[in-house]
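To start, the structure itself, in structure tokens.
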Amino acid sequence: MRSVYIDHSATTPVDPLVFEAMKPYYTEIFGNSSSVHSQGQKAHRALEESREKVAALIGAKTNEIIFTSGGTEADNQAIITYMHNNRNKGNHIITSAIEHHAVLHTCEFLAKQGFELTVLPVNSYGEVEPDTLREAIRPGATALVSIMHANNEIGTIEPIKELAAIAHEAGAIFHTDAVQTVGKIPVNVAELGVDLLSASAHKLYGPKGIGCLYAKKGVRIGSFIHGGGHERNLRAGTVNVPGVVGFAKAAELAQQRLCSQEAPLADLAKRLTDGIFAAIPNTRLTGHPERRLPGSVSVCFDYVEGESILLMLDNYGIMASSGSACTSGSLDPSHVLLAIGLPHETAHGSLRLTMGKDNTQEDVDYILEVLPPIIKNLRAMSPLGR
Amino acid sequence: MQYSKKVMDHFMNPRNVGQVENPSGVGEVGNPTCGDIMHIEIQVKDDKIEDIKFRTFGCAAAIATSSMVTEMVKGKTLEEAEKITNRTVAEALDGLPPIKMHCSNLAADALHEAIKSYRQNGVTSTSVAKGCCQDEADSPCEKGMEIKLPE
């Protein structure tokens, strides 16, 4: 049976070249990058060379990169330590209703501690409209605005440049969770005008368990994990050197692929989207039709439930994801699908297909062969839409 | 989350899907907001369930429990069918993941609604699921909000 992994927004396989680059740092150059001896020095050199490569991918300076355990930790550190360290700048945080829980729950955690929180609504494409931010921001009170670069479920790319400018005008700093964009589309911190940015290696064919926080020089964040002077006193704990080396190699490869990869992925996504709409009635696209991640297809099918679709697809070797309640591990469908205004029963029928560099036209055609009869069968079984 | 082999079998190859011609009882349980609706139709003859069919909107657990309950009661007396509970249906499927026990395990309730409908001379009996969102105090289900099914 054919096997089609089409869930690259969840995670990606480690590129064999990345794995090769990492290997020596487990067995041969295993030193603690803080140690004085030559093993430690070698590890330290690898760490700093890696930092340069990761910084280069997002147009940052080397000393603006702090390695973390991943995107979630970077989000937590950025938001929590900035708010605690800059109480003189204000008590108010602004975020959006479609953020990843790593941001949303972190902001809610701070709200429970007494910080003020505004969660901005989004339009039906999932975009934060600049005017919504203009109305909510309060000069003197708003210290931090955190809006994701692109949404993980519906693929919509947010107008970060414009939003960051509005934050700065009001004296606030701007954080973006760029876990879904770094390595997939060009990301340049200076061009975007962001002060803090979170990224993760495993979304760009790097290993799991490693990510980074970009903090612009002069932005006073603090340590989130305590117990040592690693990462310029900003992240305690023995550095995951093999992970960092893998992240750097993945960043290097992503940079080489950036220009050549975007167009073919967009073409595959178009072929898949057009095919789905031609074959399956009562379907709607979620997210912005154009301003979206390359290779991201997200749709909702009326009258059927997402987990059922996923398990049927898996039976044919197709691995995708959904924002239905049953797949979110809670009893409600995805907060993102509800935030863009979908009724609960529609949100339950969501399907997300996110393509990666190794997906082919044959994969798309196979999905288009398998998916329509699955939806047809589930609809025939459903008492809705009769 | 892992489903048992029996759940997967009933999900991939559901038994008794569809509608009964001139049903003597029709029951429906669930709520599209919560992501599960089970619709069961029965044909009763001499106090026995001669035929039973279901249609379900929901996850694999919802579909598998619906299929299983139809298999369990076909040919049984109404009295026997009334003794079947959501729990015995789950047991017959070798269990369900904990989160599914109270969210998608409503097939016996739908069957009981169908029997109730038969006893009330075939008037469709519908009940809004109480189980599906019972842990969420502010959910529409908990408030007993009425949900209109799409035409």
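Proteins come first, then strands; the chains are lettered A, B, ... in the order of their sequence lines, and each starts at number 1.
- There is no contact between Pro97(B) and chain A, counting heavy-atom distances below 4.5 Å.
- To the nearest 0.5 angstrom, Leu378(A) atom CG is 10.5 Å from Phe57(B) atom CZ.
- The CE atom of Met381(A) lies 14.5 Å from the NE2 atom of His39(B); values are rounded to the nearest 0.5 Å.
- Counting heavy atoms from C-beta outward, Lys100(B) and Glu307(A) have side chains that approach closer than 4.5 Å.
- At most 12 heavy atoms of other shown residues, nucleotides or ligands fall within 6.0 angstrom of atom NZ in Lys48(B).
- When all heavy atoms of Ser308(A) and Gly58(B) are compared, the closest pair comes out as OG-O, 2.7 Å.
- Considering CE of Met8(B) and CG of Asp314(A), their distance stands at 7.5 Å, rounded to 0.5 Å.
- Interatomic distance, CD1 of Ile37(B) versus NE2 of His348(A), reported as 9.5 Å (0.5 Å rounding).
- Without hydrogens or angle criteria, Thr56(B) side chain to Ser382(A) main chain gives no donor-acceptor distance under 3.5 Å.
- Remark: Phe11(B) CZ to Asn315(A) CG distance equals 8.5 Å, nearest 0.5 Å.
- Within a 6.0 Å sphere centred on CZ of Arg87(B), other residues, nucleotides and ligands contribute 12 heavy atoms or fewer.
- Heavy atoms of other residues, nucleotides or ligands lying less than 6.0 angstrom from OH of Tyr316(A) number 12 at most.
- Counting non-hydrogen atoms of neighbouring residues, nucleotides and ligands closer than 6.0 angstrom, the CD atom of Glu21(B) reaches no more than 12 such neighbours.
- Contact of Ala380(A) with chain B is made through the backbone alone, with heavy-atom distances under 4.5 Å.
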